[in-house]
Structure formats: C-alpha cells, structure tokens
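Below is one structure, written out as structure tokens; the observations come after it.
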Amino acid sequence: MGVFNHEAFADHEQVVFCNDEKTGLKAIIAVHSTALGPAAGGCRMWAYSDDDLALCDALRLSKGMSYKNAMAGLNLGGGKAVIIGDAKTDKSEDLFRAYGRFVDSLGGKYITAEDVGISVSDMEVVSQETSHVAGLNSGLAASGDPSPFTAHGTFNGIRAAVKYRLGKNDVRGLKVAVQGLGHVGWHLCKELHNAGASLLVADINDEVVQHAVQEFGATAVPCDQILYSDADVVAPCALGAVLNEKSIPLLKASVVAGAANNQLAQASDGDLLRSQNVLYAPDYVINAGGIINVAAEIEGNYDRKWVDSKVAAIYDVLIDIFERADKENGSTSDIADLVAQEKINSAAKIGVKGKQDQIVA
Ligand code: NAD
C-alpha cells in the first residue's frame, strides 16, 4: 500500500523513511502535525513482520500524539518513530547514533523519546547526535521517571469522573479496581489508598499483588475477573484493547478511568460504553501526566510548578469532555478526538504555533 492513500495517513505533514546500510537501521519517523509546536512522541523498537505494519503503527501513534499533546494543553505537535528490529538482539550504539542523525536532520521538527523497547540509556546514545531528544536522566532539564506524573493525572481524572457520574467530591469509601500494578498502577494505588478508596487489584505478577494487599489492604482479584469487579471505578493500567464488544457488556462499574494506552479495541467501543451507561475517561486525556512532565524537559527549564498545574488541569479537561458528550449525545472518546482536532485546526489556521493559550477552541 502507498503512503498517501494509507488508511492511517490522516493528513500527516511528513513521513521519513530512514535507511542506514552500515548499521542496519531501518526506521520510520512520522510527523503528524506541527501546528501547535514541534512534533513530540516516543520511538518504538519492534520486530514488525512487514514494513506496512511498521508504517501503520508510526502513522497511528503519531496522530495519537498530536491529540494527546493538544488535549494536555502543550505547545507540542505529534510525531512518532518506529525502529524495525528486535529490541533484545538488534540494538547497538551505532544503530542509535544513526537514528539520532536522522532525528537531527529534521532540525527540531520532531523530538524523540522512549517508547516500547527503548530505554533511557538508548536515548542517551541518541543524544550524542541530536539535541532533539527528551526523557533523559541527566542534563539540566532532565525530567526523570514520568510514571508518578501519569499516575497523579489518572488520579485527578478518576476524581473528575466520580464527581461527574456519582456526584462525589472525593474517592473516600469508593471501590476502585486496578488492573496492572506496574510503574503507573502502583503509584495510582498509593494515591487512591491515601485518599480513602478501597482497592481491588490484579496483576500477572503475584508478588506485586501480595505487596499491594499488605501495603494498601487491597483485595486480590483474578486477572480475568478484575474488569468485571463489583466496583465503582475500573482503572485499566496494563494492556490496550481491554474494552471491546466482549468485555463491555460484562462491566459492573459505572466509570472506567485508567492509564493504559489504547483501551478501546475499536472506535465504536466508545459508543458501546455510552450505550451501557458507563462513563469512560478517554485514555490519552487521563494519562497525559507523563508527557506533560516530558514537555517541561523539552521547554529546557524544568519547572515543577508548571507541571503540577497542567497535571491538575486534567480534571477540568475531562469534565468539559463529559459535559459536551452528554450535550451532543456522543461518546467521550469521539468528543475528545473532536476537541483535539479543533485545537489543531485553530492553531493551523491562525498560526499560533507554540501558544495554546491563545487558541479559542
Ligand atoms: P508497566 O509495564 O510498568 O506495568 C504494567 C503492569 O501490568 C505490569 O505489572 C504487568 O505485570 C501487568 N500486567 C500485564 N498483563 C496483565 C494482565 N493481563 N492482567 C493484569 N496485569 C497485567 O507499565 P506502566 O508504565 O505502568 O504503564 C501501564 C499502562 O499505562 C500501559 O498501557 C502504558 O502504555 C500506559 N501509560 C504509561 C505511562 C507512563 O508514564 N509509564 C504514560 C502513559 C500511558
């Protein structure tokens, strides 16, 4: 399939195919939009079975980053890169330096960072060739681990959803079922526990589940049952595509609000959730805390107050989406896409690159 007529092309500004024979690097950098600022998004390393799958991933993920960055109120556009290769066997310093040179050749139009298969140390190598890289542990503006910020934004999003759906000002006394106790899920459980929620938890790693039982008084639930818990809120914090035509009819909670990326198996699952009267907090809006933290690094002068205010704003952004979805009788996921596209279109029209606060969306 060609690029321009690819189903995932979605008006991308630029797609760069990177080929370096010496190091074996084969990568695709997709710049979806720079209307709001430089296109920022991670680089994924994956052993794609064919090039079209790699292209598809790069195109979809970069558009997703445009929407995520727009909704987080950041002066950043959306982009994403994929390196075709096995992250366990195909990494080398030369390969990442070659990738860094391709990123640098875009002159700052695309800013790279870690994604699946890529570590901070890989990005440290990339940084030897380009300054257009974020998610580093060292340097003046290094932002460190994004997970606690993602977790805090998710906590704010859960508060917004329970306020809107259940009329509760806080999570005290509510039951929250958390799927996945990794970097984000664990921090989220800690915040929920401290705020007085009772926790139901599941993870394929039994050790971490036992730890949560001891530390937070959580109730352990089998992995295949956690989504269907008798809880007020379900918070998917592990895998994508967990909300689908099979799982949605079985949900008992009236709110789904968690950090996992790409929770909907397909776009129409947003409508299915609405028809089942489940309030869904769109994933890329509620889980933006981490990219907000990385954005502070990109700004060049890491400002914790700025990060905290943007992460706090996730609450209001979600309330606006919930209200508009009810007003327009649409799914929250469709409304989030609509608002994000409106922000990008307004910026492109009036040329306010880097000035989200000037946009009247
Ligand atoms: P992680 O790998 O640290 O944690 C994932 C956890 O889920 C692990 O503990 C794993 O054992 C568990 N898990 C895997 N399969 C499971 C299953 N079937 N049932 C229950 N548990 C299962 O990842 P993370 O960084 O905590 O990210 C969690 C999710 O949030 C991912 O979807 C990620 O893309 C998304 N996200 C993370 C960040 C971030 O800042 N880390 C930002 C935005 C979105």
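Sequence positions, counted from 1, serve as the residue numbers for this chain. Quick caveat, the model's predicted, so the values are computed rather than measured. Side chains included, hydrogens not; waters and symmetry mates left out as well; all remaining heavy atoms used. In listed order, ligands and their atoms are each counted from 1.
Judged by distance alone, the side chains of Gln210 and Asp206 never bring a donor and an acceptor atom under 3.5 Å apart. In this model, a donor atom of one side chain and an acceptor atom of the other lie less than 3.5 Å apart for Asp145 and Ser147. No side-chain donor-acceptor contact under 3.5 Å links Asn262 and Tyr284. At a cut-off of 3.5 Å, with distance as the only test, a side-chain donor of His6 or Asp52 sits close to an acceptor on the other residue.
Checking atom 2 (O) of ligand 1 against the protein gives no heavy-atom contact under 4.0 Å. For atom 23 (O) of ligand 1, the nearest protein heavy atom is 4.0 Å or more away.
The atoms of ligand 1 that sit less than 4.0 Å from any heavy atom of Gly180 are 7 (O), 21 (N). The atoms of ligand 1 that sit less than 4.0 Å from any heavy atom of Ala260 are 29 (C), 30 (O), 32 (O), 35 (C).
Considering both main-chain and side-chain atoms, Asn261 comes within under 3.5 Å of ligand 1 through a nitrogen or oxygen pair. Considering backbone and side-chain atoms alike, Asn287 places every N or O at 3.5 Å or more from each N or O of ligand 1. Any N or O atom pair closer than 3.5 Å counts here, and Cys223 shares no such pair with ligand 1. Close N/O approach between Gln179 and ligand 1 is not found [any backbone or side-chain N/O within under 3.5 Å].
Scanning Ser147, Pro146, Gly182 for the heavy atom closest to atom 41 (N) of ligand 1 points to Ser147. Between the choices Ile204, Asp203, Thr154, the shortest heavy-atom distance to atom 17 (C) of ligand 1 belongs to Ile204. Among Ala288, Ala238, Gly185, Ala259, the residue whose heavy atom lies nearest to atom 32 (O) of ligand 1 is Ala238.
For the pairing with Phe322, the ring-ring contact (aromatic ring centres under 6.0 Å, His included) check across Tyr280, Tyr315, Tyr164 returns one residue only, Tyr164.
Residue, atom and distance of the protein heavy atom nearest to atom 26 (O) of ligand 1 are Val184 N, 2.8 Å. His183 CB, 3.7 Å is the protein heavy atom nearest to atom 25 (O) of ligand 1. Of the protein's non-hydrogen atoms, the one nearest atom 18 (N) of ligand 1 is Leu239 CD1, 3.4 Å. Of the protein's heavy atoms, Thr150 OG1, 2.7 Å lies nearest to atom 40 (O) of ligand 1. Protein heavy atom at the shortest distance from atom 28 (C) of ligand 1 is Cys237 O, 3.3 Å.
Salt-bridge formation is not detected for the pair Glu299/Lys310: no Lys NZ or Arg NE/NH1/NH2 atom is positioned less than 4.0 Å from an Asp or Glu carboxylate oxygen.
By the salt bridge (Lys or Arg N to Asp or Glu O under 4.0 Å) test, Asp269 is found to be paired with no residue, residues two or more places apart in sequence or in another chain being considered.
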Output a table of donor-acceptor pairs, distance under 3.5 Å, between side-chain atoms of residues 106-119 and any protein atom two or more places apart or on a different chain; print 'none' if there are none.
| from | atom 1 | to | atom 2 | distance (Å) |
| --- | --- | --- | --- | --- |
| Lys109 | NZ | Gln14 | OE1 | 3.0 |
| Tyr110 | OH | Gly41 | O | 2.7 |
| Tyr110 | OH | Gly42 | O | 3.3 |
| Tyr110 | OH | Ala81 | N | 3.4 |
| Tyr110 | OH | Thr112 | OG1 | 3.2 |
| Thr112 | OG1 | Tyr99 | OH | 2.7 |
| Asp115 | OD1 | Lys80 | NZ | 3.3 |
| Asp115 | OD2 | Arg44 | NE | 2.6 |
| Asp115 | OD2 | Arg44 | NH2 | 3.0 |
| Ser119 | OG | Ser121 | N | 3.4 |
| Ser119 | OG | Ser121 | OG | 2.9 |
| Ser119 | OG | Asp122 | N | 3.3 |
| Ser119 | OG | Asp122 | OD2 | 3.2 |

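Note: Phe4 and Phe9 have perpendicular aromatic rings, judged against thresholds of 30 and 60 degrees for the angle between ring planes. Below 30°, between 30° and 60°, or above 60°: for His12 and His32 the angle between ring planes is above 60°, a perpendicular geometry.
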